[in-house]
J.: 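Okay, here's the structure, questions in a sec.
Along the sequence shown, residues are numbered consecutively beginning with 1.
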Amino acid sequence: MNKFLKVGLLTAAGALSVAVAGAAYLALTFNPNDYKEKIIQAVKASKQRTLHLDGDISLSFFPNIGAKVNRVALSEFQNETEFAAIDSVRVSLALLPLFSKRLVVNELSLSGLHATLIKHKDGSSNIDDLLSPPVEKTPQPASAPVKFDIAKVVIAKTNLAYRDELSGAHYAINDMQLSTSRIAPNVPVKIALAVGVTANQPKLAIQTDLKTTLTFDLEKQSYQLADLKLAVTGAALDMTKLQLNVSGAASANLATQEFSANKLLLKVSGVKGTEGFSADLSAPDLNLASDHYTGSGVTLNAKLDVAFGQLVAAFSLPSVSGNAQAFKVDNLSVDATLTQPVQTFKVKLTSPLAGNMRAQQFALSNLSIALNATGDALPNKAV
């Protein structure tokens with residue numbers, strides 16, 4: 001074996017042995033719970049807030065650097081009122097990748113977080129003291145960015161609230177549950193999210209469930225969503241019995257301003273006052289770029305139940321091509337039916353469509369409109 005290689009390997013092995021021995025010694029002899037009172041006093045002195053550490057603190061050093069804290073609470077500034085509390089939080093980092101500037105998080109789990117952000121009437125907030133700028137330090141030379149890799153994230157039983165004392169607005173995130181698979185650039189990340197959102201300005205009370213697979217590249221600003229399944233139920237504004245379902249796949253590249261949808265299906269229904277509505281949008285293949293649009297088979301079906309009858313409409317775009325300055329649709333089609341107790345109206349509109357989005361100019365070059373009406377009150381009961 002090459003002498004220098006042998007020496008290098010022996011040196012590395014020795015350094016690793018020392019690190020392991022040191023970590024083992026710390027794990028066996030160091031108890032962070034012995035320093036709880038000093039931590040509490042330090043927070044009180046530096047932030048003028050009361051920190052409660054009612055649970056145990058546990059640390060690990062090898063092969064992962066980890067910390068777990070249970071039952072923690074923090075008071076408001078110069079006030080014993082609780083600002084935030086958490087049942088448990090655990091963070092675990094792989095030790096060896098840190099030497100090559102790779103941040104590998106084996107576990108990030110959080111449960112039972114409760115926090116309330118308040119904006120006071122004078123414009124200040126209850127976290128201004130926590131956001132105070134850090135003391136300036138001597139500028140350090142730029143270093144290579146740290147690459148990150150997170151094995152999984154688990155967030156459970158999380159409740160966050162925001163209150164504006166001047167406007168009276170209240171917003172809340174209720175019982176958020178989030179779980180992911182490995183998070184890393186260009187690696188498909190499975191995401192499952194369930195969360196409730198409430199507000200009074202505007203009025204909102206919805207429950208959201210999301211399942212999808214996200215692939216991203218932060219450097220290229222590229223994002224892809226696959227196996228998207230989004231369900232939203234609840235009430236918003238003056239609409240009740242809301243149901244929104246989205247499925248399919250979508251991608252976006254923010255650097256190049258390109259967006260696409262594949263087998264995208266959107267369904268929405270609800271009640272506004274006493275009027276019911278529903279709509280289905282289908283986009284099997286849609287691509288939007290700064291200099292080019294393409295799409296095929298885009299359809300929209302809608303139904304509206306109103307006091308004067310029921311309106312049913314179908315909108316179809318068989319193919320779309322062009323760009324913001326000049327686009328065309330081969331055969332735009334609109335079918336609408338209005339049904340009333342004593343009469344029915346049917347309208348069919350077809351035409352090629354061309355336009356310029358930037359100039360807001362549109363042309364229907366071969367417009368055809370057909371109207372058919374039937375009912376006892378009409379001449380010959382039909383027109």
J.: Spell out, as yes or no, whether a donor-acceptor pair under 3.5 Å connects the side chain of Asn126 to the backbone of Thr116.
T.: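 Confirmed, Asn126 side chain pairs with Thr116 backbone.
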J.: In Å, rounded to the nearest 0.5 Å, how long is the span from CZ of Arg90 to OG of Ser109?
T.: 7.0 Å
J.: Check side chain to side chain contact (heavy atoms under 4.5 Å, CB included) between Asn186 and all other residues, then give those that pass, not counting sequence neighbours.
T.: Asp217
J.: I'd like to know if the side chain of Ser75 and the backbone of Thr81 have a donor-acceptor N/O pair within less than 3.5 Å.
T.: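 A pair under 3.5 Å: no.
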J.: Just do the salt bridge (Lys or Arg N to Asp or Glu O under 4.0 Å) check on Asp129 and Arg49 with the steps written out, would you?
T.: CA-CA 10 Å; Asp129 62 300; Arg49 291 174 180 256; 2.7 Å; yes
J.: Once rounded to the nearest 0.5 Å, what's the spacing between atom CD1 of Ile369 and atom CG of Leu349?
T.: 5.0 Å
J.: Evaluate side chain to side chain contact (heavy atoms under 4.5 Å, CB included) for Thr50 paired with His52, printing each intermediate quantity in order.
T.: CA-CA 7 Å; Thr50 301; His52 295 276; 3.6 Å; yes
J.: Mind listing the closest non-hydrogen atom pair of Val189 and Ala184 along with its distance?
T.: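 Residues Val189 and Ala184, closest heavy atoms: CG2-N, 4.4 Å.
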J.: Looking at Lys348, I want to see if its NZ is surrounded by more than 12 non-hydrogen atoms of other residues, nucleotides or ligands under 6.0 Å.
T.: yes
J.: Under a 3.5 Å distance rule, please check whether Thr198 uses its side chain to pair with a backbone N or O of Ala205 as donor and acceptor.
T.: no
J.: Could you label the plane-to-plane angle of the Phe216 and Tyr223 rings as parallel, tilted or perpendicular, counting under 30° as parallel and over 60° as perpendicular?
T.: parallel
J.: Return the minimal non-hydrogen interatomic distance between Gln201 and Ser167, and the atom names on each side.
T.: NE2-O, 3.0 Å
J.: Where the side chain of Arg71 meets the backbone of Asp87, is there a donor-acceptor pair that is under 3.5 Å apart?
T.: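 No, because the side chain of Arg71 does not come within donor-acceptor range (under 3.5 Å) of the backbone of Asp87.
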J.: Using 0.5 Å steps for rounding, measure from the CG atom of Asp164 to the OH atom of Tyr171.
T.: 7.5 Å
J.: If every non-hydrogen atom of Lys36 is compared with every non-hydrogen atom of Leu53, which pair is closest and at what distance?
T.: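 Looks like NZ-O, 3.4 Å.
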J.: Is there a side-chain contact between Lys303 and Leu311 in this structure, where contact means two heavy atoms from C-beta onward sitting under 4.5 Å apart?
T.: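 Result no, sub-4.5 Å side-chain heavy-atom pair not found.
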J.: What's the shortest heavy-atom distance between Ser333 and Thr350, and which atoms?
T.: OG-CG2, 4.1 Å
J.: Do Thr337 and Thr344 come close enough that some side-chain heavy atom pair is under 4.5 Å?
T.: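 Yes, at least one pair of side-chain atoms sits under 4.5 Å.
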J.: In terms of hydrophobic clustering (I, L, V, M, F, W, Y; side-chain heavy atoms under 4.5 Å; direct or indirect links), are Leu218 and Phe259 co-clustered?
T.: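 They do share one cluster, since a chain of ILVMFWY contacts under 4.5 Å joins Leu218 to Phe259.
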J.: Can you list everything that forms a side chain to side chain donor-acceptor pair (under 3.5 Å) with Gln78? Sequence neighbours excluded, please.
T.: Gln48
J.: Would you say Asp285's side chain and Ser296's backbone share a donor-acceptor pair under 3.5 angstrom?
T.: no
J.: For the side chain of Gln207 and the backbone of Val195, is there at least one donor-acceptor N/O pair under 3.5 Å apart?
T.: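 Answer holds: yes.
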J.: I want to check something: taking the side chain as every heavy atom from C-beta on, are Glu76 and Ile118 in contact at a cut-off of under 4.5 Å?
T.: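 In contact.
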J.: Looking at Asn380 and Ala382, would you say the former's side chain and the latter's main chain have a donor-acceptor pair under 3.5 Å?
T.: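 Checked: no pair found.
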J.: Evaluate Lys44 against Glu80 for salt bridge (Lys or Arg N to Asp or Glu O under 4.0 Å), listing each step before the verdict.
T.: CA-CA 11 Å; Lys44 189 71 172 182; Glu80 291 303 315; 3.6 Å; yes
J.: Is Asn356 reaching over with its side chain to a backbone N or O of Ala359, donor-acceptor style, under 3.5 angstrom?
T.: yes
J.: Please examine the side chains of Ile39 and Leu51, heavy atoms only from C-beta on, and report whether any two atoms are closer than 4.5 Å.
T.: yes
J.: Should Lys38 and Ile40 be marked as a side chain to side chain contact (heavy atoms under 4.5 Å, CB included) after you check the CA-CA gap, both sets of side-chain angles, and the distance that decides it?
T.: CA-CA 5 Å; Lys38 291 184 178 180; Ile40 293 171; over 6 Å; no
J.: Could you state the interatomic distance from CG (Leu228) to CG (Leu265), rounded to the nearest 0.5 Å?
T.: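 These two atoms lie 10.5 Å from each other.
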J.: CG of Leu254 to OG of Ser222: how many Å apart, nearest 0.5 Å?
T.: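 Nearest 0.5 Å value for the CG-OG distance: 8.5 Å.
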J.: How about Asn174 and Thr158: do any of their side-chain heavy atoms sit closer than 4.5 Å?
T.: no
J.: State whether the side chain of Tyr162 and the backbone N or O of Lys119 hold a donor-acceptor pair below 3.5 Å, judged by distance alone.
T.: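 Not a single qualifying donor-acceptor pair exists.
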J.: Would you say Lys47 and Phe77 make side-chain contact, with heavy atoms under 4.5 Å?
T.: no
J.: For atom NZ of Lys381, decide whether the heavy atoms of other residues, nucleotides or ligands shown that lie under 6.0 angstrom number more than 12.
T.: no
J.: Is the side chain of Ser124 donor-acceptor paired with the backbone N or O of His120 at a distance under 3.5 Å, no angle test?
T.: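 Such a contact is absent between Ser124 side chain and His120 backbone.
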J.: Which pair of non-hydrogen atoms, one from Ser111 and one from Lys157, has the smallest distance, and what is that distance?
T.: OG-CD, 4.2 Å
J.: Are Leu317 and Phe315 close enough that some pair of their side-chain heavy atoms sits under 4.5 Å apart?
T.: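 Answer yes - side chains close enough.
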J.: Is there a chain of hydrophobic side chains (I, L, V, M, F, W, Y, each step under 4.5 Å between heavy atoms) that links Val271 to Leu244?
T.: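 No, because Val271 and Leu244 fall into different hydrophobic clusters, even though each may have its own neighbours under 4.5 Å.
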J.: Work out which heavy atom in Leu242 is nearest to a heavy atom in Ala235; give both atom names and the distance.
T.: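 Leu242 and Ala235 have their closest heavy atoms at CD1-C, 4.1 Å.
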J.: So Ser319 and Asp330, side-chain hydrogen bond (donor to acceptor under 3.5 Å, both in side chains) or not? Walk me through it.
T.: CA-CA 6 Å; Ser319 65; Asp330 290 340; 2.7 Å; yes
J.: Are side-chain heavy atoms of Leu110 and Ile86 found at a separation under 4.5 Å?
T.: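 SC-SC contact between Leu110 and Ile86 confirmed.
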J.: Keeping to residues at least two apart or across chains, list the side-chain hydrogen bond (donor to acceptor under 3.5 Å, both in side chains) pairs with something in residues 258-276.
T.: Ser251-Ser260, Thr256-Glu258
J.: Report the distance from atom OG1 of Thr208 to atom CG of Leu230, rounding to the nearest 0.5 Å.
T.: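 It is 6.5 Å, given to the nearest 0.5 Å.
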